[in-house]
Amino acid sequence: MDIASKIDSIKKGTLEIVTEYELTEKIEKETPTAYIGYEPSGKIHLGHAITVKKMIDLQKAGFKVKILLADLHAYLNEKGSLEEIKAISEYNKKCFLALGLTEDTEFILGSRFQLDADYTYKVYELALTTTLTRAKRSMAQITRHQEDHRVAEAIYPIMQVVDMLFLDVDVSVGGMEQRKIHMLARENLSRIGFDAPVCIHTPLIHGTDGAEKMSSSKENFIAIDDPPEDIKEKVKGSFCPPRRVEGNPIIDITKYFIFSEFETIIIERPEKFGGDLKLNYSELESRYAEGKLHPLDLKNAVSKYLIEILGPVREYIG
RNA sequence: CCCGCCUUAGCUCAAUUUGGCAGAGCAUCGGACUGUAGAUCCGAGGGUUGCUGGUUCAAGUCCGGCAGGCGGGACCA
């Protein structure tokens with residue numbers, strides 16, 4: 001792969017790269033490193049999968065991929081006891097491999113290095129240069145608490161910044177909700193004399209209820225190992241306003257999960273509704289926007305394709 | 001450490017002055033209507049009233065203790 005096509009494949013489907021120029025520099029390194037951190041979660045869903053797919057793109061473009069299983073971060077965000085969290089991080093690792101990351105992906109449990117003295121010292125160092133307001137603001141879409149803020153909320157983003165340092169990463173990937181923490185990292189790492197990573201942000205997929213973000217806490221997700229009946233039921237029950245493409249979770253799924261695998265798809269329709277359709281994405285989008293594709297027909301097709309695409313994943317996880 | 005206010009359904013809050021069957025809105029679930037979902041209409045479920053001891057025929061309500069949250073004060077040689 002030449003550099004231009006590497007950039008293209010990395011850029012595809014992202015909302016922003018900060019900065020693209022720096023990315024071209026990093027790509028020329030012998031083995032550049034890309035990283036993402038996840039709070040271990042009982043369910044890995046399509047929202048997670050978007051970012052995992054991006055890590056796979058990076059892997060294919062020659063990046064060494066590191067996945068942080070951020071057990072301490074999850075702990076700071078009140079996801080359970082450290083022991084419970086460590087246990088589900090094993091399950092998560094399996095999910096990520098099932099989605100197609102290669103065996104030489106490096107999985108790192110956060111607590112393995114985040115309790116070391118030199119790590120802690122760096123956290124304190126950054127605690128001096130980070131304002132409480134910035135730290136809290138960066139956590140707005142991540143924390144459970146919109147009020148009664150805990151000190152943990154301020155430690156969390158600082159640790160994430162130090163992670164980038166200790167994992168020695170060239171590129172940091174995250175959904176758009178990570179943006180403010182990433183920007184904090186870029187500002188503060190340079191302040192204490194280190195290179196900040198390039199930040200790549202992927203879109204957030206809408207929840208099945210139409211909420212801004214699919215999340216495991218809100219029960220508005222489709223898990224990557226949901227059985228076919230559940231997928232069918234969840235798709236059927238999803239928010240899907242006719243003619244509206246923006247904020248439509250079903251359109252999100254077709255865009256990010258189905259057309260990433262297929263150039264064109266077949267939408268089966270009863271004869272009385274016009275018969276089958278064969279469409280590429282832009283055709284589908286414009287037809288839908290014009291009201292010439294009924295939400296139910298779209299949903300039926302999305303169920304069928306999504307069940308098929310997730311088949312091997314489901315099987316791998318067992 | 002001291003003082004004040006607060007804690008009731010998943011969430012926001014009622015249940016006053018004067019103790020008398022714990023309610024509403026939102027959310028959830030189910031039906032109706034749409035060839036989906038949503039919206040709308042109808043219906044249902046949902047509670048150790050923070051915990052604990054007491055007073056009383058009867059306590060969400062009154063009294064004591066504890067816990068948590070919010071605000072203030074004090075201490076600062």
Side-chain angles (χ1 to χ4, degrees), chain A residues 39 41-43 45-47 50 74-81 84 132-133 135-137 139-156 177 203-223 226-259 265-279 281 283-310:
Chain A
E39 285 184 24
S41 165
K43 279 293 171 191
H45 54 65
L46 298 182
I50 284 199
Y75 179 71
L76 287 172
N77 205 11
E78 295 170 74
K79 298 293 168 68
S81 75
E84 289 164 347
L132 208 43
T133 306
K136 269 162 63 179
R137 205 146 55 91
M139 288 293 286
Q141 295 179 70
I142 296 163
T143 179
R144 311 185 145 231
H145 300 279
Q146 294 312 312
E147 48 188 36
D148 297 344
H149 299 277
R150 311 298 149 100
V151 174
E153 239 177 274
I155 297 172
Y156 185 119
E177 84 284 357
L204 301 178
I205 188 167
H206 289 86
T208 54
D209 58 356
E212 197 64 32
K213 180 172 179 267
M214 183 175 283
S215 65
S216 24
S217 52
K218 288 180 73 182
E219 290 288 323
N220 65 358
F221 60 85
I222 294 175
D226 270 343
E229 318 82 69
D230 289 19
I231 294 176
K232 218 174 281 178
E233 204 174 305
K234 287 179 180 183
V235 168
K236 172 85 165 61
S238 287
F239 180 71
C240 188
R243 292 185 303 281
R244 217 178 88 199
V245 172
E246 286 303 314
N248 185 326
I250 299 300
I251 294 286
D252 281 356
I253 294 171
T254 59
K255 188 173 179 179
Y256 299 123
F257 290 94
I258 297 177
F259 283 102
I265 65 169
I266 302 213
I267 292 177
E268 295 172 32
R269 293 193 300 191
E271 279 308 320
K272 65 167 173 170
F273 295 130
D276 295 0
L277 284 171
K278 183 180 178 191
L279 302 170
Y281 181 70
E283 289 166 343
L284 181 143
E285 192 180 292
S286 55
R287 261 186 177 271
Y288 191 80
E290 289 163 19
K292 292 180 188 164
L293 172 57
H294 191 277
L296 185 55
D297 293 323
L298 175 64
K299 281 183 172 180
N300 288 334
V302 164
S303 282
K304 183 174 154 250
Y305 278 96
L306 194 58
I307 287 167
E308 181 187 330
I309 289 164
L310 292 177

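Per chain, numbering begins at 1; letters A, B, ... match sequence-line order. Please read these numbers as outputs of a predicted model, since none were measured by experiment.
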Quiz item: Starting at CD1 of A:Ile251 and ending at C1' of B:U36, how long is that distance when rounded to a whole Å?
Solution: 12 Å
Quiz item: Is there a Watson-Crick or G-U wobble partner for B:G64 with both distances under 3.5 Å, and which nucleotide is it?
Solution: B:U52
Self-check item: Counter-base of B:A44, judged by Watson-Crick or G-U geometry with both distances under 3.5 Å
Solution: B:U28
Practice problem: Flag yes if more than 12 heavy atoms outside A:Glu233 fall under 6.0 Å of its CD atom; otherwise flag no. | Solution: no
Self-check item: C1' atoms of B:G71 and B:A27, separation to the nearest Å
Solution: 31 Å
Practice problem: With a 3.5 angstrom cut-off on both distances, give the Watson-Crick or G-U wobble partner of B:A14, or none if there isn't one. | Solution: none
Practice problem: Report which part of the nucleic acid A:Lys299 touches: base, sugar-phosphate, or nothing (heavy-atom distance under 4.0 Å, all strands). | Solution: base
Practice problem: Provide the Watson-Crick or G-U wobble partner of B:U8, both distances under 3.5 Å; none if there is no partner. | Solution: none
Exercise. Write down the distance separating the P atoms in B:C26 and B:A22, rounded off to the nearest Å.
Key: 24 Å
Self-check item: Near-parallel close stack of A:Phe273 and B:G35 base (under 5.5 Å, under 30°)
Solution: yes
Quiz item: So what's B:C21 paired with, Watson-Crick or G-U wobble, going by both distances under 3.5 Å?
Solution: none
Quiz item: Are OP1 or OP2 of B:G35 and a side-chain N or O of A:Lys272 less than 4.0 angstrom apart?
Solution: no
Practice problem: Have a look at A:Asn300 and say if it touches a base, only the backbone sugar-phosphate, or nothing, with a 4.0 Å heavy-atom cut-off. | Solution: nothing
Self-check item: Counter-base of B:G35, judged by Watson-Crick or G-U geometry with both distances under 3.5 Å
Solution: none
Quiz item: So what's B:C1 paired with, Watson-Crick or G-U wobble, going by both distances under 3.5 Å?
Solution: B:G73
Exercise. Just call it for A:Pro249: base, sugar-phosphate, or nothing, with non-hydrogen atoms closer than 4.0 Å on any strand.
Key: nothing
Quiz item: Do A:Asp297 side-chain atoms and A:Leu293 backbone N/O form a donor-acceptor pair below 3.5 Å?
Solution: no
